[in-house]
Enquirer: 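Please read through the structure below; I'll follow up with questions.
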Protein chains: 2
Amino acid sequence: MANGKPTLRDVAAAAGVSPMTASNALHGKAGVKESTRAKVLAAAERLDYRINLTASMLKSGRSNIIHIIVNEFDSPFYSKLVQALATATTERGLTPFVEQTRYSPTAAERALTSNPFSDQLFDGEIIHASGLGTNLPLARMNSGRPLVLIDGCEETPSVDTVNFPNEEGARAAVQHLIERGCRHIAIVGGEFVPRATLAHVEHSYGLRLRGASGALLDSGLAYDESIMFYGYNSDDGIKAGHAIGDAILAARAANGVDHADEPVDGPASHHDSASASEEFPVHAETAFDGVFCANDYAAFGVIRGLKDRGLRVPDDVKVIGIDGTSFGAYSTPTLSTIQVDLDQLAQFALDMITRRIERRNAAGTGESADVSAAAPDQPVRATIGYRLMARESTAA
Amino acid sequence: MANGKPTLRDVAAAAGVSPMTASNALHGKAGVKESTRAKVLAAAERLDYRINLTASMLKSGRSNIIHIIVNEFDSPFYSKLVQALATATTERGLTPFVEQTRYSPTAAERALTSNPFSDQLFDGEIIHASGLGTNLPLARMNSGRPLVLIDGCEETPSVDTVNFPNEEGARAAVQHLIERGCRHIAIVGGEFVPRATLAHVEHSYGLRLRGASGALLDSGLAYDESIMFYGYNSDDGIKAGHAIGDAILAARAANGVDHADEPVDGPASHHDSASASEEFPVHAETAFDGVFCANDYAAFGVIRGLKDRGLRVPDDVKVIGIDGTSFGAYSTPTLSTIQVDLDQLAQFALDMITRRIERRNAAGTGESADVSAAAPDQPVRATIGYRLMARESTAA
DNA sequence: CTGAAAGCGCTAACAA
DNA sequence: TTGTTAGCGCTTTCAG
């Protein structure tokens with residue numbers, strides 16, 4: 001106290017009790033007389049006492065801090081995810097500690113392993129899987145701390161996991177395009193994966209592709225390399241939009257269409273976007289009338305890129321995304337998308353992690369009987385819900 | 001070691017030195033023989049040793065953690081700000097701890113004061129001012145810890161501050177509209193503030209308004225209550241867009257009707273948009289041809305709202321924002337804006353905070369002579385640069 | 001229901 | 001250049 005902040009000793013002294021009793025009173029532990037507790041609380045208030053968390057953590061090994069690991073802050077998807085997780089964490093009386101990996105797998109691995117905080121400072125971790133290599137021994141990497149994986153997409157989960165409705169959502173999105181009359185549908189995302197290979201995939205893009213291709217094939221539409229365009233973020237998306245637009249214009253020219261209102265630079269602009277043609281060497285001259293983007297972020301770019309080619313959304317081409325980022329409601333046109341419930345996701349993730357933390361604490365308390373009696377610690381899996389948001393970008 | 005993690009003792013023992021020497025070696029302190037250091041490092045590596053930060057912090061009182069406080073994660077502005085600050089913090093070997101207040105002033109105050117972490121766990125704090133009450137005794141609130149205020153806008157700063165170019169940026173934005181031919185310019189932001197009152201303002205919106213109104217008045221254009229519309233985020237922005245659109249349509253109708261029936265005193269204004277008329281009781285039927293939005297987030301909504309009324313941007317109305325959020329480059333139309341350099345901001349903020357931290361540490365080391373000799377600890381202020389990004393939303 | 005003793009793992013200060 | 005001593009502020013343990 002002499003030099004600065006009051007300590008627990010000071011509070012105890014002021015209340016006329018021992019430090020231990022003061023500690024128990026402040027933590028609301030049972031077995032402290034009400035009058036004693038009141039005295040302690042009053043003393044703490046009077047002295048403006050704040051617990052020293054470093055000391056508390058050092059001794060107890062618990063921090064109430066949850067480590068949240070994502071790729072970045074500044075994207076429509078991650079900013080929403082982080083907000084949902086951080087808010088849910090706070091609501092449970094825990095403290096969220098958010099770390100960004102900037103899409104570096106080594107940074108992600110370091111966050112889980114070498115980060116000196118991890119071992120002592122975090123009670124548990126929630127990590128968004130994309131960016132991690134697959135088939136990592138995650139549970140071992142973080143030395144057995146409570147861990148929840150978001151969108152891990154493992155067929156047999158090795159740790160507690162909350163998955164997005166990747167396959168179902170993508171299927172619903174493509175079906176929506178088909179119902180809106182689209183018959184030539186492009187997919188913007190990663191590489192083409194043959195249908196057979198999609199039988200066993202363990203990452204979100206593969207699952208989305210499985211859902212999307214399934215919907216196409218079910219309706220007798222094409223699913224092959226000629227409909228694939230690269231694009232994960234808005235920059236890529238613009239290029240994809242250009243490439244798709246070029247294909248459409250080329251098809252129109254080939255058909256000898258003579259729309260008066262057609263943009264002049266249109267005819268057979270054989271992939272004037274160099275980068276696009278590098279990414280995808282061969283694209284049929286297809287009059288695409290619909291685009292499914294594997295995420296919203298890319299979708300915004302695609303719409304932009306189509307516009308650059310004089311093509312209107314939804315009049316010429318309909319576009320749908322998946323994720324339900326906040327911005328889709330304000331963009332022009334508003335973006336049709338698969339809205340996933342990130343608040344539900346956050347609740348699931350926190351249910352899982354708090355359950356794991358409690359169980360671990362209980363085990364530490366020597367209630368081994370209880371633990372062995374309980375179900376073995378199998379990894380749990382949940383998949384969150386989704387809603388199709390039909391907005392302007394797919395309007396009739 | 002017995003039960004779990006290796007401790008510094010274990011490393012020291014394995015290397016055949018004392019714990020203190022091991023500590024010094026691991027921290028790269030001078031005065032350790034190279035061969036000794038190598039032995040220690042090898043032992044640490046072999047044992048997979050990780051420092052226990054809680055113990056380190058408890059003893060040393062230092063953490064290398066910087067507390068970053070913002071209103072939220074999921075907005076285009078804050079996601080970009082947080083990313084810039086977090087990245088810059090990491091680049092300097094410090095650890096960013098980001099906290100959101102959800103626009104609650106009490107949460108902000110708590111983050112600075114009662115948060116038990118604050119006192120012991122953070123070496124310094126960077127806080128985005130908006131959401132704080134003005135004229136708070138900030139320096140005292142965080143008990144003298146190193147503190148940097150972002151966009152504090154105090155006329156006489158009480159703590160180190162990095163400001164946005166609010167006034168200059170807003171002025172440039174409005175001048176740009178004028179140069180593009182706009183003569184009836186609406187402002188979307190907060191309340192109307194009379195020009196005289198703007199002489200002394202201490203928050204970013206007031207400064208933006210000062211810059212915008214200055215540009216209007218310099219060109220002989222109107223600055224009064226009739227051009228103000230409420231809107232800080234995209235939802236508000238949509239409403240503002242509706243109201244502005246209604247005013248334009250009403251003006252067009254009035255002009256059409258003017259010659260026929262109603263010679264002199266025009267019809268009382270009919271505001272068909274209920275919400276708009278609630279927010280702003282009186283809006284002249286003005287054929288607005290330009291809109292300055294006090295931030296980008298609102299601008300996206302305004303464009304959306306104008307579109308809802310059948311008005312095209314930039315053909316019918318030109319729109320400009322301020323902030324330079326990432327999304328403006330991908331939206332349709334792309335958004336003209338004042339791009340502020342958030343990376344520069346982050347560098348400034350970290351320069352200031354590390355300087356303060358170092359100075360404090362030096363003082364602790366008893367180098368009081370140095371400190372008293374140095375300049376007194378006056379708060380520093382910096383203002384970051386900006387660039388006018390003329391994009392589609394203000395195209396000729 | 002309350003208190004006394006001990007020590008978490010590290011590092012500042014000083015001694016050798 | 002290295003080692004020894006002491007203790008940061010709290011909480012676990014166990015005795016009263």
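Throughout, a chain's letter reflects where its sequence line sits, starting with A, and its residues are numbered from 1. Computed over heavy atoms, backbone and side chain alike; hydrogens, waters and symmetry mates excluded.
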Enquirer: What's the closest nucleotide to the Lys59(B) side chain, out of dG9(D), dG9(C), dG3(C)?
Expert: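 Looking only at heavy atoms from C-beta outward on Lys59(B), the closest nucleotide is dG9(C).
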Enquirer: Do Gln83(A) and Ser79(B) meet the criterion of a side-chain donor-acceptor pair at a distance under 3.5 Å?
Expert: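 Note: Gln83(A) and Ser79(B) side chains miss the donor-acceptor criterion.
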Enquirer: How long is the line joining CG of Asn52(B) and P of dC8(D), in whole Å?
Expert: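 Rounded to whole Å, this separation is 18 Å.
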Enquirer: Relative to the 5' end of DNA chain D, which residue comes earlier, Ser18(B) or Ala55(B), by the nucleotide with the nearest heavy atom?
Expert: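 By nearest-heavy-atom nucleotide position, the 5'-most residue is Ser18(B).
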Enquirer: Whole angstrom is fine here: how far is it from CG in Leu8(B) over to C1' in dT4(D)?
Expert: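 Rounding to the nearest Å, CG of Leu8(B) and C1' of dT4(D) are 14 Å apart.
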Enquirer: Would you check if there is a donor-acceptor pair between the side chains of Asn71(A) and Thr101(A) at a distance under 3.5 Å?
Expert: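 Yes, a side-chain donor-acceptor pair sits under 3.5 Å.
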Enquirer: Taking the inter-plane angle between the rings of Tyr78(B) and Tyr103(B) on a 0 to 90° scale, is it parallel (under 30°), tilted (30 to 60°) or perpendicular (over 60°)?
Expert: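 Ring orientation of Tyr78(B) relative to Tyr103(B): perpendicular.
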Enquirer: Contacts to DNA chain D from residues 19-28 of chain B, heavy-atom cutoff under 4.0 Å, which residues?
Expert: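 By residue number: Met20(B), Thr21(B).
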Enquirer: Testing the 3.5 Å rule here: is there a donor-acceptor pair between the side chains of Thr54(B) and Asn52(B)?
Expert: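 There is such a pair (donor and acceptor under 3.5 Å, judged by atom type) between the side chains of Thr54(B) and Asn52(B).
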Enquirer: Rounding to a whole Å, what distance do you find between Lys29(A):NZ and dT13(D):P?
Expert: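 Nearest whole value for this atom pair: 10 Å.
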Enquirer: Please state whether the rings of His67(B) and Phe122(B) are parallel, tilted or perpendicular, taking 30° and 60° as the class boundaries.
Expert: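 The rings of His67(B) and Phe122(B) lie parallel, inter-plane angle below 30°.
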Enquirer: Counting heavy atoms not belonging to Arg46(B), are there more than 12 under 6.0 Å from its CZ?
Expert: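 For Arg46(B), atom CZ is crowded (more than 12 foreign heavy atoms under 6.0 Å).
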Enquirer: Reckon Ser56(B) has a side-chain N or O less than 4.0 Å from the OP1 or OP2 of dT11(C)?
Expert: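 Checking Ser56(B) against dT11(C): at least one side-chain N or O falls below 4.0 Å of OP1 or OP2.
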Enquirer: Compute the bend angle of the helix from dC1(C)-dG16(D) to dA16(C)-dT1(D) from the end axes (five pairs per end), rounded to 10°.
Expert: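 That helix gives 30° between its end axes.
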Enquirer: Would one find a side-chain N or O of Thr7(A) under 4.0 angstrom from OP1 or OP2 of dG9(D)?
Expert: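 False: Thr7(A) side-chain N/O out of range (4.0 Å or more) of dG9(D) OP1/OP2.
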Enquirer: Please report the closest heavy-atom contact between Ala88(B) and Leu350(B), naming both atoms and the distance.
Expert: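 Residues Ala88(B) and Leu350(B), closest heavy atoms: CB-CD1, 3.2 Å.
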Enquirer: For Ser18(A) and Thr21(A), test the side chains for any donor-to-acceptor distance below 3.5 angstrom and give the result as yes or no.
Expert: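 Short answer, yes.
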Enquirer: Of Leu58(B) and Gly16(B), whose nearest nucleotide on DNA chain D comes first from the 5' end?
Expert: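 This one resolves to Gly16(B).
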Enquirer: Would you name the heavy atoms of Arg37(A) and Asn24(A) that are closest together and state the gap between them?
Expert: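 Minimum heavy-atom separation between Arg37(A) and Asn24(A): NH1-O, 4.1 Å.
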Enquirer: Closest approach of Val40(B) and Ala15(B), non-hydrogen atoms and distance?
Expert: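 Between these two residues, the closest heavy atoms are CA-CB, 3.9 Å.
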Enquirer: What is the distance, rounded to the nearest whole Å, between atom CZ of Arg37(A) and atom C1' of dT2(C)?
Expert: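 Atom-to-atom, Arg37(A) to dT2(C), this comes out as 13 Å.
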Enquirer: Should Tyr49(A) be listed as having a side-chain N or O under 4.0 Å from OP1 or OP2 of dC10(D)?
Expert: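 Answer is yes, contact under 4.0 Å.
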Enquirer: If I take atom CZ in residue Arg9(B) and atom P in nucleotide dC10(C), what distance separates them, rounded to the nearest angstrom?
Expert: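 Taking CZ of Arg9(B) and P of dC10(C), I get 9 Å after rounding.
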Enquirer: In terms of side-chain heavy atoms of Val32(B), which of dT2(D), dG3(C), dT2(C) is nearest?
Expert: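 Closest nucleotide to the Val32(B) side chain: dT2(D).
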Enquirer: To the nearest angstrom, how far is Glu34(B) atom CD from dT2(D) atom C1'?
Expert: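 After rounding, the reported distance stands at 15 Å.
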Enquirer: To the nearest Å, how far apart are Leu53(A) CG and dG9(D) C1'?
Expert: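 Spelled out: CG on Leu53(A) to C1' on dG9(D) is 11 Å.
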Enquirer: Applying a 4.0 Å non-hydrogen cut-off, can you work out what Thr36(B) is touching in the nucleic acid: base, sugar-phosphate, or nothing?
Expert: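 Result for Thr36(B) = sugar-phosphate.
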